[in-house]
Engineer: 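Below you will find the structure I want to go over with you.
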Amino acid sequence: MMNQEFIIIPGASNMPELPEVETVRRTLETLIVGKTIRDIDVFYERIIRGSTVTDFISKLEGQTLSSIDRYGKYLIFIFGELTILSHLRMEGKYFIKNLDEPKEKHEHIIFYFTDGSTLRYHDTRKFGTMDLILTKDIFTNSPIIKQGYEPFNEKLTGTHLRSLLKNRKTAIKSALLDQTVMSGLGNIYVDEVLFLSKLDPERQANTLTLKQYKDVVTNAKKVLTKAVELGGTTIRSYTSSLGVTGRFQNELLVHMKEKEPCIICLKPITKIKVNGRGTYYCTNCQK
DNA sequence: GTGACCACCTGGCCGC
DNA sequence: TGCGGCCAGGTGGTCA
């Protein structure tokens, strides 16, 4: 039995992207790998996909967590032949608590381990999902097969990105948010990548030069690598002295910087909407 | 194949 | 103070 309540926050951001999910993975890996599920409570059934809730519970009971991986924004909990693909969407987060801790309002799934601890999935907006699949199907028959390469993958090059976007007339910002193009980028980091690449977020995706596609890939790697090192971004934190908080918010150059001076030209950062997404950029530096 | 729009969901914010 | 309406966001589905 644990003596303290651990609160796991995905980089403490309210919008987990690849770095925040990686922070959660690393933290959970040290705390729950090797534990065996005794029971599961599902309080909000729509989170479960790929199986009935009854199957989800019955198949996982007695299973031991062997490892936790990640692809893009998906957490991959591997229990031998079974795997849970967990997507945190907007506000999903995991807590590890003692058995006797009362259930909080937004805790929708509780995994009870045989050692008396619990893993609790908390999601204010109920957008998150958990797919129960066969481990052998992870890369052949699961939501992950639709994902594009992560920026860290050597196969993701400027040439590859150009081939994917050559017919896409949508805004480059929208294209980069498409996880089938590049896996792991979300609204925050796309703004940063486009700023470093000096690209107008509304620029048509198929109009970039090869050098600009290469710059996007290079800067995506740079931004995500730095963000992973710093544990992600905390834009809205939660009260917890034990929380795992990110520090990348101190490195943000444009996101959430509306009206603040651009670090290059000192002109105020502008906020617009690109296909409904709040978007921050410098109208002077990004063309 | 592509783009636009909508639904999902709830807390926070704003105006009345 | 309380109420209603709007906004934020990632993804999947539908339709043109």
Side-chain angles (χ1 to χ4, degrees), chain A residues 9-22 24 42-50 70-76 84-93 104-109 121-131 133 141-148 150-151 161-194 201-208 220 224 227 232-239 246 249 252 254-258 271-280:
Chain A
I9 298 172
S13 167
N14 59 329
M15 186 175 60
E17 302 182 28
L18 187 153
E20 290 75 29
V21 177
E22 177 61 17
V24 177
V42 176
F43 301 100
Y44 185 71
E45 299 189 355
R46 296 187 67 161
I47 290 171
I48 307 299
R49 304 191 306 184
R70 179 193 56 72
Y71 192 90
K73 302 176 189 175
Y74 281 94
L75 278 169
I76 305 172
I84 297 173
L85 295 183
S86 171
H87 198 302
L88 304 174
R89 297 287 181 98
M90 303 301 302
E91 297 199 1
K93 53 186 83 71
E104 292 191 10
K105 181 181 177 183
H106 297 296
E107 290 176 356
H108 304 305
I109 298 178
Y121 178 70
H122 182 291
D123 192 343
T124 308
R125 296 186 191 181
K126 299 179 176 174
F127 276 13
T129 58
M130 289 190 199
D131 290 82
I133 62 170
N141 184 24
S142 82
I144 284 182
I145 63 173
K146 299 175 186 171
Q147 300 281 304
E150 292 186 345
L161 186 59
R162 181 177 65 176
S163 71
L164 291 174
L165 300 182
K166 63 183 178 185
N167 295 322
R168 299 286 292 270
K169 295 178 180 176
T170 191
I172 183 65
K173 162 134 187 185
S174 300
L176 294 179
L177 285 173
D178 182 347
Q179 301 299 296
T180 67
V181 172
M182 191 186 298
S183 184
L185 285 180
N187 204 39
I188 296 172
Y189 297 115
V190 167
D191 282 356
E192 298 300 306
V193 169
L194 290 174
E202 292 188 292
R203 173 95 169 261
Q204 276 191 11
N206 62 350
T207 65
L208 276 60
L224 291 186
T233 301
T234 301
I235 283 184
R236 196 179 71 195
S237 60
Y238 299 80
T239 305
Q249 68 277 8
L252 292 175
V254 286
H255 193 82
M256 300 292 284
K257 302 284 187 182
E258 186 182 16
K271 182 183 181 184
I272 60 172
K273 288 253 192 168
V274 177
N275 287 345
R277 299 288 180 257
T279 300
Y280 300 83

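To find a chain, count down the sequence lines: A is the first, B the second, and so on, and within it residues start at 1.
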Engineer: Taking only the side-chain heavy atoms of A:Thr170 (C-beta and beyond), determine which of B:dT10, B:dC8, B:dG3 contains the nearest atom.
Structural biologist: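 So the side chain of A:Thr170 is nearest to B:dG3.
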Engineer: In whole Å, what is the span from the CG atom of A:Asp123 to the P atom of C:dG10?
Structural biologist: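 So the CG-P distance, A:Asp123 to C:dG10, works out to 14 Å.
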Engineer: Determine, for nucleotides 11-16 of chain C in 5'-to-3' order, which nucleotides have protein heavy atoms under 4.0 Å from the base (write B), from only the sugar-phosphate (write S), or from neither (write -).
Structural biologist: BS----
Engineer: Classify the side chain of A:Arg168 and the base of B:dG1 as holding, or not holding, a donor-acceptor pair under 3.5 Å.
Structural biologist: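 It does not, because no donor-acceptor pair links the side chain of A:Arg168 to the base of B:dG1 below 3.5 Å.
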Engineer: Below 6.0 angstrom between ring centroids: does that apply to A:His87 and A:Tyr74?
Structural biologist: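 Between A:Tyr74 and A:His87, which both carry aromatic rings, the centre distance is below 6.0 Å.
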Engineer: Regarding A:Lys166, tell me which of base, sugar-phosphate or nothing describes its non-hydrogen contacts under 4.0 Å with the strands shown.
Structural biologist: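 Nothing, no nucleic acid heavy atom in range.
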Engineer: I'd like to know whether A:Asp191 forms a side-chain contact (heavy atoms from CB on, under 4.5 Å) with A:Met256, so could you lay out the CA-CA distance, the side-chain angles of the two residues, the decisive distance to 0.1 Å, and finally the verdict.
Structural biologist: CA-CA 10 Å; A:Asp191 282 356; A:Met256 300 292 284; over 6 Å; no
Engineer: Please report, rounded to the nearest Å, how far the C1' atom of B:dC9 is from the CZ atom of A:Phe43.
Structural biologist: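 Computing the A:Phe43:CZ to B:dC9:C1' distance gives 19 Å.
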Engineer: Atom CZ of A:Arg125 and atom C1' of C:dC6: how far apart are they, to the nearest Å?
Structural biologist: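 So the two atoms are 13 Å apart, to the nearest Å.
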Engineer: Specify the separation, in whole Å, of atom CZ of A:Arg46 and atom P of B:dA7.
Structural biologist: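 After rounding, the reported distance stands at 13 Å.
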Engineer: Got a sec: does the CD of A:Glu45 have more than 12 other heavy atoms crowding it under 6.0 Å?
Structural biologist: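 Counting neighbours around CD of A:Glu45, 12 or fewer heavy atoms of other residues, nucleotides or ligands fall under 6.0 Å, so no.
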Engineer: Rounded to whole Å, how long is the line connecting atom CG of A:Leu18 with atom C1' of C:dG10?
Structural biologist: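 Going from A:Leu18 (CG) to C:dG10 (C1'), I get 14 Å.
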Engineer: Distance check needed: B:dT2 P versus A:Asn275 CG, whole Å only.
Structural biologist: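 Rounded to the whole Å, the gap is 15 Å.
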Engineer: Please give, in whole Å, the distance from B:dG1 C1' to A:Asn206 CG?
Structural biologist: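 Rounded to the whole Å, the gap is 13 Å.
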Engineer: Under 4.0 Å between a Lys/Arg side-chain N and an Asp/Glu carboxylate O for A:Asp123 and A:Arg89?
Structural biologist: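 No, A:Asp123 and A:Arg89 are not salt-bridged.
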Engineer: Starting at atom OH of A:Tyr121, determine the distance to atom P of B:dC9, rounded to an integer number of angstrom.
Structural biologist: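 So the two atoms are 13 Å apart, to the nearest Å.
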Engineer: Using a 4.0 Å heavy-atom cut-off, does A:Asn167 contact any base of the nucleic acid, only the sugar-phosphate backbone, or nothing at all?
Structural biologist: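 Touches sugar-phosphate only.
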Engineer: What heavy-atom pair brings A:Leu88 and A:Lys93 nearest, and what distance separates the two atoms?
Structural biologist: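 Smallest interatomic distance, heavy atoms only, reads CD2-N, 4.2 Å.
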Engineer: If I compare all heavy atoms of A:Arg70 with all of A:Glu22, which pair ends up nearest, and what's the gap?
Structural biologist: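 Closest heavy-atom pair between A:Arg70 and A:Glu22: NE-OE1, 2.7 Å.
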Engineer: Closest-nucleotide mapping onto DNA chain B: is A:His106 or A:Ala171 further toward the 5' terminus? I mean the 5' end.
Structural biologist: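 Going by which nucleotide is closer to the 5' end, it is A:Ala171.
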Engineer: Is A:Glu91 reaching over with its side chain to a backbone N or O of A:Arg125, donor-acceptor style, under 3.5 angstrom?
Structural biologist: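 No.
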Engineer: Within the pair A:Lys105 and B:dG11, is there a side-chain N or O less than 4.0 Å away from OP1 or OP2?
Structural biologist: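 Affirmative; the distance criterion is met.
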